[in-house]
Amino acid sequence: MGRGKIVIRRIDNSTSRQVTFSKRRSGLFKKANELAILCDAEVGLIVFSSTGRLYEYTSTSMKNVIERYTKAKEQSQQIINPNSDIEYWQREAASLKQQLQSLQESHRQLMGEELSGLSVKELQNLENHLEMSLRSVRTKKDQIMIDEIQELNRKGTVLHQENVELYRKANLVRQDNIDLYKKLYEMGGSRVQRENSNPTVQIGYGSRSNDTSIPVHLKLSTPQQTGGDAPILGLQLH
């Protein structure tokens with residue numbers, strides 16, 4: 001004979017109820033494990049007994065299963081309720097508008113406007129905030145000026161080095177010119193010496209009535225033979 005059909009209802013006997021819970025819990029976990037292996041499914045199973053004891057089974061990690069479930073639940077709710085996106089962006093727009101108004105009010109107060117509704121403490125806080133901002137601005141300005149001065153000093157050093165190099169090149173050119181002038185002077189002196197190798201006598205005379213002098217150039221001429229035996233040495237007047 002086959003087993004009779006069991007009526008699905010609460011078991012009144014606590015002992016029988018606990019035995020049935022243990023058997024069916026084991027069978028449920030076994031089926032879940034088979035489902036995960038056979039179908040490559042991600043399975044997570046959580047069971048609380050009537051006494052509050054926790055039993056769980058997961059094919060991967062219970063944390064991953066719960067996070068995946070939460071994400072899928074949110075997506076399904078968005079699909080079910082298409083107006084949720086509109087409501088979300090409306091809330092975001094209202095929040096951003098409120099932030100913008102707060103920032104505009106703070107800006108006007110920093111500019112010294114709309115201060116009538118502020119208390120002494122709020123004014124003191126605003127003053128401290130302005131002083132901190134001023135110190136930050138001055139620090140930034142000083143740093144920029146220091147950087148510019150350092151850059152100018154660097155450029156000045158580069159220009160100084162370039163001037164030193166140009167001065168050195170100018171000295172080299174000047175020395176070359178001096179050497180060239182010396183060579184030209186030596187060449188000119190040799191030519192004058194060659195010209196002076198031909199003797200020339202200059203005799204100056206003049207009348208007493210004036211101071212002008214007329215130069216007379218005398219030059220030795222080639223000896224001429226006469227009827228006698230001795231040659232005659234003559235002078236030519238120029």
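In terms of the side chain to side chain donor-acceptor pair (under 3.5 Å) criterion, residue partners of D179 (sequence neighbours excluded) are, by chain and number, Q175. Here R10 pairs with nothing under the side chain to side chain donor-acceptor pair (under 3.5 Å) rule; sequence neighbours left out. Residues meeting the side chain to side chain contact (heavy atoms under 4.5 Å, CB included) test with K121, sequence neighbours left out: S119, N125. Every salt bridge (Lys or Arg N to Asp or Glu O under 4.0 Å) that E165 has, sequence neighbours left out, goes to R168. Every residue two or more places apart in sequence or in another chain that forms a side chain to side chain contact (heavy atoms under 4.5 Å, CB included) with V158 is listed here: R154, E162. Legend: residues meeting side chain to side chain contact (heavy atoms under 4.5 Å, CB included) with N153, ordered by chain and number and at least two apart, are I149. In this structure, the side chain to side chain contact (heavy atoms under 4.5 Å, CB included) partners of R138, at least two apart in sequence or on a different chain, are L134.
Residue M145 holds its CE atom at 11.0 Å from CG of D147, rounded to the nearest 0.5 Å. Put simply, CG on L35 and CG on L45 are 10.5 Å apart, with the number rounded to the nearest 0.5 Å. Here the OG1 atom belonging to T20 is positioned 12.0 Å from the CZ atom belonging to R25, to the nearest 0.5 angstrom. Atom CG of L130 and atom CZ of R135 lie 11.0 Å apart (nearest 0.5 Å). Here the CD atom belonging to Q143 is positioned 13.0 Å from the NZ atom belonging to K141, to the nearest 0.5 angstrom. In this structure, L38 CG and N33 CG are separated by 9.0 Å, a value rounded to the nearest 0.5 Å.
Y167 belongs to no hydrophobic cluster with other residues, because no ILVMFWY side-chain heavy atom falls under 4.5 Å from its own, directly or through intermediates. Listed by chain and number, the hydrophobic cluster partners of L96 come to none, as no ILVMFWY side chain reaches under 4.5 Å of it.
For R17, the CZ atom is densely surrounded, since the number of other residues' heavy atoms within 6.0 Å is greater than 12. D40 CG: 12 or fewer foreign heavy atoms inside a 6.0 Å radius.
Within the structure, side chain to side chain donor-acceptor pair (under 3.5 Å) contacts touching residues 93-112 (residues at least two apart or in different chains) are R108-E114. The list of ring-ring contact (aromatic ring centres under 6.0 Å, His included) pairs with a residue in residues 19-53, not counting sequence neighbours, reads F21-Y55. Judged as a side chain to side chain donor-acceptor pair (under 3.5 Å), the pairs with a partner in residues 58-67 (not counting sequence neighbours) are, in order, E42-T60.
Hydrophobic clustering, with ILVMFWY side chains joined whenever heavy atoms are under 4.5 angstrom apart, keeps I11 apart from V19. Linking Ile, Leu, Val, Met, Phe, Trp and Tyr residues whenever their side-chain heavy atoms come within less than 4.5 Å leaves Y57 and I37 in two separate clusters. Under the 4.5 Å side-chain heavy-atom criterion for ILVMFWY residues, a single connected hydrophobic cluster contains both L54 and M62.
Counting heavy atoms from C-beta on, the side chains of L28 and R24 never come closer than 4.5 Å. Between K71 and R68 the shortest side-chain heavy-atom distance does not fall below 4.5 Å. Looking at heavy atoms from C-beta onward, K182 lies out of side-chain contact with Y185 at the 4.5 angstrom threshold.
Minimum heavy-atom separation, V43 to V65: O-CG2, 4.3 Å.
Checking side-chain atoms of S16 against main-chain N and O of D12 turns up no donor-acceptor pair under 3.5 Å.
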